[in-house]
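The block underneath contains the structure these notes are about, expressed in C-alpha cells.
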Amino acid sequence: MAVDYTTRDGVAVITLNNPPVNGLGLSTRIGIMDGLARAERDPAISAIVLTGSGTAFSGGADITEFNTPKALQEPTLATVIRAVEASAKPVVAAIHSVAMGGGLELALGAHYRVGVPGAQIALPEVKLGLLPGAGGTQRLPRAIGLEAALNMIVSGATVMSEKLTDSGLFDEMAEGDVLEAALAFARRVAEKDAGGTHPRLRDRKIQHENAAGFIQFSRNSVAAVAKPFPAPGKCIDAIEAGVLKGFDHGLAFERECFLALVQTPESRALRHAFFGERAASKIPDVPSDTPVRAIKQVAVIGAGTMGGGIAMNFVNAGLPVMLLETKPEALERGLATIRKNYETTVKKGKLTQEALETRMALITPTLSYDDLAGADLIVEAVFEELGVKEQVFRRLDEIAKPGAILASNTSTLDLNKIAAFTTRPGDVVGMHFFSPANVMKLLEVVRGEHTAKDVLATVMQVAKRIKKTAVVSGVCDGFIGNRMIEQYIRQALFMLEEGALPAQIDGAIERFGFAMGPFRMSDLAGNDIGWAIRKRRYAEQPGMHYSRIADRLCETGRFGQKTGGGWYDYRPGDRTARPSALVDEMIVAYSGEIGCARREIGDDEIVERLVFALVNEGAKILAEGIASKASDIDMVYLTGYGFPLWRGGPMLHADTVGLYNVERAMARYASQQNGDAWEIAPLVTELAKAGRGFNG
Ligand SMILES: NC(=O)c1ccc[n+]([C@@H]2O[C@H](COP(=O)([O-])OP(=O)(O)OC[C@H]3O[C@@H](n4cnc5c(N)ncnc54)[C@H](O)[C@@H]3O)[C@@H](O)[C@H]2O)c1
C-alpha cells in the first residue's frame, strides 16, 4: 500500500508509504484521496494528520512516472491538493526529513503545518527546467513572503526547516516526535475550528511594500544569470500573476507556464541529464544487486598531474590513500602540489585548516610496493608508455592482495593489453579521470574484455563515493570522449585550411554554448599532446586524411599557454587568448601551399561540422557497443567536455535537430572539400529513415 490509514483518538492519520521518498505517484495520490474520503465519512474523526513514513514527508513527484501518461492521470497532484484544501475537517501536515517539490506543494495545501528541525524544504523544479506546477508559486509566497519564496523557487535551493521556524510556513515547530506533536495540534485546532472554516494559504494576503517593483528587479537580475534557460523567468511570471491578479488567476497561469516549459528543449535537456546521470550507473548486464567488494584502503601509483588529483578525490571522501612514486623528489613534489591545491581552497574559505591537515594525514607516501599489499583498490597513473605500465602491473600482480582491484588511468593505451600483464585480468579495469582530476566530474570506467562484473559494480559505487559521474566505456582508442573529440578537432583543422581562422571557429562554437572552443582548449591543454597523438595516427593509419596545419604550428614550438603562444598569443601571467597575426598568416599561407582556395565559412557550418562530427562518431560508438546508451555519451560530453547543458549533449542535440536533418547535413559536407572525413554512421541513416532519434 502506497498510503496507510490509521486513526488515533479521533484523528485520522494518512501516512504516505512509497519508499524511498514517498513519491507522489498515481497510487499514492489515489491513497491520499481515499484517506481523505474515509476520514470525511467517519463521524468519529475530527481532524486529519498527513505525514510520510520512513525518511521523508515526501520528495515530490514520482520520477519513474516522468514522461508517462500516469503523471497526468487523475487524481493529479493539483486535484489532491484541492481536496486537502477543501476538506471539511482540518488537515495538519506533519513535516519531517524531506518536503520537496510536489511534497512541499501538498503540505502547502494543508490547513496547518507542524514541522521539526532538520527537514529539507525546497521547490527544486527549476533545476529540471520547470516550475512548481501544483500551486507552489502561489502558496509559498503567501506562506513565507514574496522575497523568500521567490528566491527559493527561482534557485530551487534547499532550506532547512529550522531556518523557516518563524517564516509563516509552520504553525508549530516541534522538538520531539513530529507525529505526536501534529496529533496534539490537530486535536486543538479541531476544537477551535469546530463549525467554522479552516485557514487556507490561498486566502492569505501577500504583504510587500512594492511587490511590482521587487518583481521587476528580480526579473532583471535573474535574466542576467539564467540565460538561456527560460524556467527561472517563468517562475517569476507565475509568481507575479498571483501577486498582481490574485490566487486563482495565478494558479491558472502557473499551469500554463508549466505546460509551456515541459515542451522546451532546455527542460528536455535538463531532464535528460538528470535521468542520464542515474542511467549511467546502470550497466545492462550487471544487475544492481551484484555484490561489491569492500574498499577501505586505496593506493595511487604516480604522484604527477593526474595521480595527485586522483589521490585528493579519495581523501576528500575520507578514504586513506597510499601514494607511491619511484623517487623521493617526485613524491615530495606530488605531496607539495596536493597541499598547495588544498591551501588555495582554504584561502577561498571553502575548507578549514584542520580539514586540510586531516586530509593530508590520510595520505601515506611510500617508495615501496610492499606497502600496497593491503590496498583494496590501486589506481595507476604513471607515464603513458606501455612498457612502464607493464612494469607496474607485473609488480602489482606480485604484491596486491587477492581481490584487490587494479585500475589504470591510461587515456590511450589498450586496457586489455595492460590486463594481460597480470594473472588476474578480471580484477583489472580502467578508471579514466579527467584533468584536473580533483575537479572534473567525469570518470570513464573502462571495461576490459575480462573485467569482472563485481569489479565494475564496485568501481561504479566508489565513483559515487568520490562524487564522480561515472560512465562505462568499452575498450577502443580514446574511449568515448577522446575518440569523439578527435573527429571534432579534425573538422576544426580542415576548416582552418578551407578559410576560417581560430578565433572565428572558437567564437562560433562558444556562442553555441561550449565552454571553450577547440583552439583555446588546445592551447590550454598543450598542442604537443594532440601532435603526439597525430604522429601515432600517421604511423598506424597512414590512409587517414588529416590536415597538417597543426603540425606546422607545433614545429614552430607554439605549444600553447605554457610556451606563451599557440593558436593565440598570450601575455605573461595573462590567460587571455589574443588572435595572433603571425599564426593567422601562417594559416592563410598554408591554404595557398596546398592549393586550397579560401572561402567564407559561416557560423552555422562551423557549428554543424564540429557538433555533427561528434554525433557521427558517437553513433559508431553506440553501434559498436562501446557505449551502452546514447545518454551515456551525452553524460560524457556534459560532464567532461563543456558541452552546453541546455542542449543536453551531442546525441540529444542531434535528436532535437532531427536525424533526418543531421544526415542531410552530413551528406552535404561529405560532398564538399575534405568530405572524405564523413563516413556517415549506418546507425544515423537507419534512425533517420525510421524517423527515430538516438534517445527513442
Ligand atoms: N594529463 C592528463 O590530462 C591526463 C588525463 C587523463 C589521463 N591521463 C593519464 O594519466 C597517466 C599519468 O599522466 P600524468 O599527466 O599525471 O603524467 P605525469 O608525468 O604528470 O605523472 C606521471 C608520474 O608517474 C611517476 N612514475 C613514472 N613511472 C613510475 C613508476 N614505475 N612507478 C611509480 N611512479 C612512476 C612519475 O614520476 C610522475 O610523477 C597517463 O597514463 C596519462 O595518459 C592523463
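Atoms within a ligand are numbered from 1 in the order they appear, just like the ligands themselves.
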Exercise. What is the closest protein heavy atom to atom 32 (N) of ligand 1, and at what distance does it sit?
Worked result: T326 CG2, 3.5 Å
Exercise. Is any N or O atom of E380, backbone or side chain, closer than 3.5 Å to an N or O atom of ligand 1?
Worked result: no
Problem set entry | Contact check: Q391 vs ligand 1, nitrogen or oxygen atoms, below 3.5 angstrom | no
Exercise. Can you find a protein heavy atom under 4.0 Å from atom 28 (N) of ligand 1?
Worked result: yes
Exercise. Looking at ligand 1, does any of its N/O atoms fall within less than 3.5 Å of an N/O of E384?
Worked result: yes
Exercise. Tell me: protein heavy atom nearest atom 14 (P) of ligand 1, and distance?
Worked result: M306 CG, 3.8 Å
Exercise. Would K327 count as a contact of ligand 1 if the rule is a heavy atom under 4.0 Å away?
Worked result: no
For this session: Output all residues satisfying ring-ring contact (aromatic ring centres under 6.0 Å, His included) with F512, sequence neighbours left out; order by chain, then residue number.
Result: F643, H653
Problem set entry | F433 neighbourhood, listing ligand 1 atoms whose heavy-atom distance to it stays under 4.0 Å | 5 (C), 6 (C), 7 (C)
For this session: Check side-chain hydrogen bond (donor to acceptor under 3.5 Å, both in side chains) between S408 and all other residues, then give those that pass, not counting sequence neighbours.
Result: E380
Problem set entry | Short N or O distance, V392 and ligand 1, threshold 3.5 Å exclusive | no
Exercise. Do F274 and H272 have ring centres separated by under 6.0 Å?
Worked result: no
